[in-house]
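Report on one structure; see the data block that follows.
In listed order, ligands and their atoms are each counted from 1. Since the structure is predicted, the reported quantities are computational estimates derived from the model, not experimental observations.
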Amino acid sequence: MCGITGCIGDQEAAPVLMRGLKRMEYRGYDSAGIALLNQNGIEIRKAKGKLDVLEAHIQGNMPQGSVGIGHTRWATHGEPSDVNAHPHTDMKGEIAVVHNGIIENYLKLKHWLISEGCEFVTETDTEVAAHLLNYYDGGDMLQTIYKVMSVLQGSFALGIISSRNPDSLYCVRKDSPLILAKTSGASFFASDISALLEHSREVYLLEDMDVACLTKGDIVIRDGFGKVVRREAMRVDWSLEAAEKGGFEHFMLKEIHEEPKALRDTLNSHLSQDGAAISQDEMPVGAEEARRLQKITILACGTACYAGMIGRMLFEKLARVPAEVDIASEFRYRDPIVSPGDLFIIVSQSGETLDSIAAMREAKRLGGRVIAITNVVGSSIAREADAVLYTWAGPEIAVASTKAYISQIMVLTLMALDLAQKRALITEEEAGEALEELKRIPQQIQSVLDQKEVIQRFAHKTFDYNSIFFMGRGLDYALAMEASLKLKEISYIHSEAYAAGELKHGTIALIEPGTQVVMMATQDALLEKTLNNIKEVKVRGAQVLAVVGEGVGGVAEEVEEVWYIPRTNPLFAPMVGIIPMQLYAYYVALEKGCDIDQPRNLAKSVTVE
Ligand code: AGP
């Protein structure tokens with residue numbers, strides 16, 4: 001949710017912190033701040049608004065010092081304001097803290113600290129950490145940090161500086177990602193690899209309850225018991241450019257254009273060397289388990305959940321395994337029934353979504369086996385799951401997920417095909433043919449991208465709608481859900497997604513002359529029924545845009561606008577069918593002048609409940 005970073009070295013820290021925050025701004029952008037240690041003690045600059053505001057604020061007045069921490073905020077406790085922006089300090093201003101996560105027992109601690117004489121200046125939960133560090137400081141900062149960690153409940157990654165320990169920088173992790181890197185003369189931490197890439201390709205992932213002490217060029221990590229531990233270095237393959245806009249106006253547009261590559265990379269990474277079969281080194285369900293499989297439960301949030309809805313239908317259609325999808329944030333609160341060995345699939349781009357982590361832990365606690373599908377190597381979900389299948393979409397920076405979504409569908413498709421083969425429902429030859437079709441999808445996506453002007457023109461005509469309805473049947477219903485979410489989150493247009501057949505059970509009352517309806521109609525077998533639904537809304541005055549497979553007749557004459565997508569196996573059509581909808585959402589938001597990569601109120605990685 002928030003992004004935190006810190007550095008200690010020979011160079012001036014403020015510019016390094018600002019560059020790191022720039023790379024993490026997608027994690028939260030309602031305020032930002034930095035704190036530097038220098039001969040005057042701790043100097044803080046912070047401001048409400050995006051990083052540019054802070055940048056302007058410190059122009060010509062950059063705080064000096066080679067030790068510092070920085071923060072970019074997504075507000076949870078206390079409105080976005082200068083005063084609530086991090087870093088926060090104790091009353092003497094000798095300890096400064098940046099925080100990602102939520103301190104759940106902060107109110108209790110705050111009341112107690114007030115009774116001990118502390119004066120609070122912010123509404124944040126974080127401020128208690130700064131006061132506690134001062135309260136418990138007995139001269140040994142490490143011991144103080146352990147003491148504070150023992151009283152904090154919730155999830156937190158903290159970065160800490162203290163003018164009493166000017167040669168060290170500290171950070172701790174509990175249920176909130178934290179990554180370290182070092183060079184010969186400096187050490188760094190950050191919530192996200194992208195903030196560290198300019199310093200090193202080799203990073204160290206902290207584990208839960210780890211405490212790290214960073215000095216110039218050296219890092220000592222201790223586990224939750226205070227024992228010095230070694231954390232394996234992880235090599236990061238993607239380049240700094242991969243996390244930059246590369247000439248596109250927005251990350252989202254760049255990432256949409258990267259979809260053919262993302263799918264190709266994801267598919268190839270799960271195929272045998274000759275590309276003719278699904279690699280068995282990768283697939284986590286063995287033949288015996290596949291035959292015995294009674295049920296699959298997919299747990300995820302938001303877009304990942306909609307990818308899961310497609311996965312559910314593929315597991316049922318191809319592998320004939322009953323499957324369900326659960327919203328991760330609901331799962332643990334509904335007393336789920338889990339039998340030992342039940343199979344769970346957690347889908348998460350970031351691998352850090354708190355609700356998905358909690359659902360995964362609950363599934364494991366109840367005896368389930370958990371397979372993760374994630375885009376981030378070394379993320380919490382990747383590390384805690386029983387097995388991982390990676391999507392190789394590359395870094396996804398725009399808050400609106402695009403290339404990660406279709407890569408998730410690709411992995412779910414491969415899993416479904418693999419299970420179908422192991423359950424003897426399709427032959428090796430049929431599986432091979434399906435793989436050949438999958439290999440053609442990146443090219444089909446490219447041909448949709450090549451016609452983006454048509455979509456842009458339509459967006460230009462329709463961007464001022466107040467409300468849009470998305471509809472579809474079967475896989476197209478899942479697609480409609482994602483298309484609707486994409487439009488809402490970046491253009492702020494109200495939209496609803498409906499199973500087309502469900503419309504007449506209530507929602508059709510909302511259709512009136514001029515209502516915009518988008519009908520997803522990529523499933524030929526359901527086309528006739530979908531056409532009936534188009535007629536139902538048309539006679540009530542709706543304007544209809546339909547997305548159909550090339551060569552499908554009988555739709556163009558019924559609707560105002562039709563977009564054709566290349567034909568593929570209908571089960572794989574969602575990966576192509578979503579592309580025009582992502583572009584439509586993008587161009588509508590562009591017309592409206594919205595902040596596309598960083599939509600209001602949202603953050604890329606939702607690490608709070
Ligand atoms: C996608 O456009 C959204 N920003 C959001 O729904 C996202 O998919 C969801 O928060 C889950 O994130 P994850 O895949 O990183 O777990």
Go through the side-chain N and O atoms of [X] and [Y] and say whether any donor and acceptor fall under 3.5 Å apart.
X: T353; Y: D355; result: no
X: E496; Y: S484; result: no
X: E482; Y: T303; result: yes

Any idea which protein heavy atom is nearest [atom], and the distance to it?
atom: atom 11 (C) of ligand 1; value: C301 O, 3.3 Å
atom: atom 10 (O) of ligand 1; value: V606 CG2, 4.0 Å
atom: atom 15 (O) of ligand 1; value: S350 OG, 2.6 Å
atom: atom 1 (C) of ligand 1; value: T303 OG1, 3.1 Å

*Please state whether the rings of F469 and H494 are parallel, tilted or perpendicular, taking 30° and 60° as the class boundaries.*
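The rings of F469 and H494 stand perpendicular, inter-plane angle above 60°.
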*Is the shortest heavy-atom distance from the side chain of I69 to the side chain of L17 under 4.5 Å?*
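No, their side chains stay 4.5 Å or more apart.
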State plainly whether the residues [X] and [Y] are in salt-bridge range, i.e. N to O under 4.0 Å.
X: K403; Y: E259; value: no
X: R361; Y: D208; value: yes
X: K50; Y: D30; value: no
X: R231; Y: D210; value: yes
X: R312; Y: E324; value: no

Enumerated ligand 1 atoms positioned under 4.0 Å from heavy atoms of [X]:
X: K486; result: 1 (C), 2 (O)
X: S401; result: 1 (C), 2 (O)
X: A304; result: 8 (O), 14 (O)
X: A400; result: 2 (O)
X: G302; result: 6 (O)
X: Q349; result: 13 (P), 14 (O), 15 (O), 16 (O)

Less than 3.5 Å between some nitrogen or oxygen of [X] and one of ligand 1, yes or no?
X: S356; result: no
X: V399; result: yes
X: E489; result: yes

*Can you tell me if E352 has a non-hydrogen atom under 4.0 Å from ligand 1?*
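So E352 does not count as touching ligand 1.
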*Nearest heavy atom to atom 13 (P) of ligand 1: which of I373, T402, T353 does it belong to?*
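That would be T353.
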